[in-house]
Amino acid sequence: MFSVDGDNVIITGGSRGIGLALAEGFSSAGANVITLDINPPEVEGNYNYINCDLGNQDHIQVVLDRIFSDGFIPKVLINCAAVTIPAPSHQYSDTDWRKSISVNLDAVFTLCREVGRIMINSSISGSIINFTSIGVEQGFANNPGYAATKGAVKQLTKALAVEWGKHGIRVNNIVPGYTNTPMNSKSWNNPLLRKQRSDRTVFGRWAEPEEMVGPAIFLASDASSYVTGVDLVVDGGWLVKGM
């Protein structure tokens, strides 16, 4: 039921952090994995890496055309790559705003559109998994580009789930809490900030990247065959915690 053995999987941002954990986890489970990232993986594994500038829509198209022409037709797409550029909103530059939109939103839509098209044309009942953030569910200051783009991805996922359900394509979000990744290294390396964020959870700790693998395999596999358009929260109880 939870098998992804033999499935073709594309993972963006697969060179470090959660994306790398997903690449390792899915390949260990028998999937055929291609990772797309601008930098090579920090750890070599049993998966294929293709250089892709996810901030360049033309480059994404070229890479996908090459993948598809080589006969690799994905059953699973996982959009994990993202950038976070924190700054006060009243001082946020146009450059940072547009980079956030390009990587966090434009790339996600381009990949969903192109992979969705080939799934439909190939009659594949596939799974698309987008990563959002607990910042979509609550207000977080000083990072308007990240908040806005992740919020847009949340709603894009729901729209695609409704539109593509008739083709047997499921589209869902994973909503991670604070995770020990390079993206969050500034907070992780600050003892006060690390504790503040740990204390907001039920478990009193951050997530490790590997803890996102199980939820992703659930959404990628037939175990979630009747699940679409949902936000699967993996935050250690951050959102549910009251006093």
Side-chain angles (χ1 to χ4, degrees), residues 10-23 34-43 49-64 77-115 128-157 173-190 193-194 197 206-209 212 216 231 234-235 238:
I10 294 176
I11 301 173
T12 70
S15 292
R16 63 178 195 165
I18 293 173
L20 177 58
L22 294 171
I34 290 178
T35 67
L36 307 182
D37 209 318
I38 197 167
N39 295 310
E42 293 179 344
V43 178
Y49 161 73
I50 297 178
N51 173 268
C52 185
D53 181 358
L54 294 163
N56 183 325
Q57 308 311 304
D58 291 336
H59 193 217
I60 294 172
Q61 191 68 61
V62 168
V63 169
L64 289 178
L77 167 66
I78 305 178
N79 284 305
C80 187
V83 295
T84 179
I85 310 174
S89 296
H90 68 287
Q91 297 174 342
Y92 214 72
S93 71
D94 287 345
T95 298
D96 290 345
W97 176 259
R98 299 198 181 283
K99 182 175 182 180
S100 298
I101 291 176
S102 179
V103 176
N104 297 357
L105 180 58
D106 291 345
V108 172
F109 175 67
T110 298
L111 282 148
C112 285
R113 181 187 65 200
E114 297 306 310
V115 171
I128 296 174
I129 303 167
N130 296 323
F131 272 75
T132 62
S133 166
I134 54 174
V136 167
E137 310 301 328
Q138 295 180 324
F140 284 73
N142 300 316
N143 205 334
Y146 191 78
T149 52
K150 289 297 186 178
V153 169
K154 173 179 178 173
Q155 292 307 119
L156 173 63
T157 293
N173 292 318
I174 288 180
V175 188
Y178 273 92
T179 307
N180 180 17
T181 66
M183 177 183 282
N184 292 321
S185 61
K186 184 176 180 180
S187 297
W188 175 262
N189 292 327
N190 183 313
L193 293 178
R194 188 196 304 184
R197 285 151 176 72
W206 291 39
E208 292 298 326
M212 303 297 158
D231 300 298
V234 190
D235 69 347
W238 178 294

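Counting from 1, the numbers follow the sequence of the chain as shown.
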A.B. asks: Apply side chain to side chain contact (heavy atoms under 4.5 Å, CB included) to L54 and I38, showing your working.
C.D. replies: CA-CA 7 Å; L54 294 163; I38 197 167; over 6 Å; no
A.B. asks: My understanding is that only residues two or more places apart in sequence, or in another chain, count here; which of them pass side chain to side chain contact (heavy atoms under 4.5 Å, CB included) with P40?
C.D. replies: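 Only Y49 meet the side chain to side chain contact (heavy atoms under 4.5 Å, CB included) criterion with P40.
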A.B. asks: So for atom CZ, which belongs to R113, do other residues, nucleotides or ligands contribute more than 12 heavy atoms lying within a distance under 6.0 Å?
C.D. replies: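 Counting other residues, nucleotides and ligands, CZ of R113 exceeds 12 neighbours.
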A.B. asks: Using side chain to side chain contact (heavy atoms under 4.5 Å, CB included) as the criterion, list what pairs up with E42, not counting sequence neighbours.
C.D. replies: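 E42 satisfies side chain to side chain contact (heavy atoms under 4.5 Å, CB included) with R16, L20, P182 only.
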A.B. asks: Using the test side chain to side chain donor-acceptor pair (under 3.5 Å), find all partners of N184 that sit at least two apart in sequence or belong to another chain.
C.D. replies: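 Scan of N184 (side chain to side chain donor-acceptor pair (under 3.5 Å), adjacent residues dropped) gives none.
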A.B. asks: With sequence neighbours excluded, what pairs up with N104 under the side chain to side chain donor-acceptor pair (under 3.5 Å) test?
C.D. replies: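 Applying side chain to side chain donor-acceptor pair (under 3.5 Å) to N104 gives T149.
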A.B. asks: Would you confirm whether T181, through its side chain, and I18, through its main-chain N or O, come within 3.5 Å as a donor-acceptor pair?
C.D. replies: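 Checking the backbone N and O of I18 against the side chain of T181, no donor-acceptor pair under 3.5 Å is found.
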A.B. asks: To the nearest 0.5 angstrom, please state how far the CD1 atom of I50 sits from the OG1 atom of T35.
C.D. replies: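 These two atoms lie 8.0 Å from each other.
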A.B. asks: Which atom names give the shortest non-hydrogen contact between P41 and S15, and what distance separates them?
C.D. replies: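 What the structure gives for the nearest pair is N-OG, 3.4 Å.
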A.B. asks: Are L64 and L111 side-chain neighbours, meaning at least one heavy-atom pair lies under 4.5 Å?
C.D. replies: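 When only atoms from C-beta onward are counted, L111 and L64 do touch, with a gap below 4.5 Å.
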A.B. asks: Specify the closest pair of heavy atoms between G17 and P209, including all atoms of both residues, with the distance to one decimal.
C.D. replies: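 Heavy-atom minimum between the residues: O-CB, 3.8 Å.
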A.B. asks: For S93, check side chain to side chain donor-acceptor pair (under 3.5 Å) against everything at least two apart and list the hits.
C.D. replies: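 If we apply the side chain to side chain donor-acceptor pair (under 3.5 Å) test to S93, skipping adjacent residues, the hits are D96.
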A.B. asks: Measure the shortest side-chain to side-chain distance between F131 and V153 over non-hydrogen atoms and say whether it is less than 4.5 angstrom.
C.D. replies: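 They are not in side-chain contact.
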A.B. asks: Applying salt bridge (charged side-chain N to carboxylate O under 4.0 Å, His left out), which residue pairs with at least one partner in residues 176-189 are found, sequence neighbours left out?
C.D. replies: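 Sorted pair list comes back empty.
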A.B. asks: Under 3.5 Å, is there a donor on one side chain and an acceptor on the other for N130 and T157?
C.D. replies: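 On atom types as modelled, these side chains qualify, holding a pair under 3.5 Å.
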A.B. asks: Could you give the distance from SG (C80) to CD1 (I11), rounded to the nearest 0.5 Å?
C.D. replies: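 If we round to the nearest 0.5 Å, C80:SG and I11:CD1 are 8.0 Å apart.
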A.B. asks: Say you draw a straight line from CZ of R98 to CG of L105; how long is it, rounded to the nearest 0.5 Å?
C.D. replies: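 Those atoms lie 12.5 Å apart.
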A.B. asks: Please check if the side chain of D235 supplies one atom and the backbone of P176 the other of a donor-acceptor pair under 3.5 Å.
C.D. replies: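 Answer holds: no.
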A.B. asks: Can you run down the salt bridge (charged side-chain N to carboxylate O under 4.0 Å, His left out) pairs that involve residues 130-152, sequence neighbours left out, and say none if there aren't any?
C.D. replies: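 Residue pairs passing salt bridge (charged side-chain N to carboxylate O under 4.0 Å, His left out), neighbours aside: E137-K154.
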A.B. asks: Can you list everything that forms a side chain to side chain contact (heavy atoms under 4.5 Å, CB included) with L156? Sequence neighbours excluded, please.
C.D. replies: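 Counting only residues at least two positions away or on another chain, L156 forms a side chain to side chain contact (heavy atoms under 4.5 Å, CB included) with V108, F109, L160.
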A.B. asks: Enter the distance from I78:CD1 to L36:CG here, rounded to the nearest 0.5 Å.
C.D. replies: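 Going from CD1 on I78 over to CG on L36, the span is 11.5 Å.
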A.B. asks: What residues, two or more places apart in sequence or in another chain, satisfy side chain to side chain donor-acceptor pair (under 3.5 Å) together with N56?
C.D. replies: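 Residues passing side chain to side chain donor-acceptor pair (under 3.5 Å) with N56: none at all.
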A.B. asks: Which heavy atom in A216 sits nearest to a heavy atom in L22, and how many Å separate them?
C.D. replies: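 So the two residues come closest at CB-CD2, 3.6 Å.
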A.B. asks: Working note: N143 + Y92, criterion side chain to side chain contact (heavy atoms under 4.5 Å, CB included); need CA distance, chi angles, decisive distance, verdict.
C.D. replies: CA-CA 8 Å; N143 205 334; Y92 214 72; 3.9 Å; yes
A.B. asks: In Å, rounded to the nearest 0.5 Å, how long is the span from OG1 of T12 to CD1 of I34?
C.D. replies: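 Here the rounded value is 13.0 Å.
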A.B. asks: Is any side-chain heavy atom of V175 closer than 4.5 Å to a side-chain heavy atom of V136?
C.D. replies: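 V175 vs V136: side chains apart.
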A.B. asks: With W206, which residues qualify under ring-ring contact (aromatic ring centres under 6.0 Å, His included), at least two apart?
C.D. replies: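 For W206, the residues satisfying ring-ring contact (aromatic ring centres under 6.0 Å, His included) (neighbours in sequence not counted) are Y178, W188.
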A.B. asks: Are the side chains of P144 and W97 in touch, meaning some heavy atoms are under 4.5 Å apart?
C.D. replies: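 Yes, their side chains come closer than 4.5 Å.
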A.B. asks: Would you give the length of the straight line joining atom CG of D53 to atom CG of D37, rounded to the nearest 0.5 angstrom?
C.D. replies: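 Reported to 0.5 Å precision, the distance equals 10.0 Å.
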A.B. asks: Please report the closest heavy-atom contact between N79 and C112, naming both atoms and the distance.
C.D. replies: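 In terms of heavy atoms, the two residues are closest at ND2-SG, 3.6 Å.
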A.B. asks: Which atoms form the tightest heavy-atom contact between G55 and S102, and what is the distance?
C.D. replies: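 Scanning both residues completely, I find the closest heavy atoms to be O-OG, 2.8 Å.
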A.B. asks: For A207, give me all partners under side chain to side chain contact (heavy atoms under 4.5 Å, CB included), at least two apart in sequence or on another chain.
C.D. replies: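 For A207, the residues satisfying side chain to side chain contact (heavy atoms under 4.5 Å, CB included) (neighbours in sequence not counted) are T179, E211, M212.
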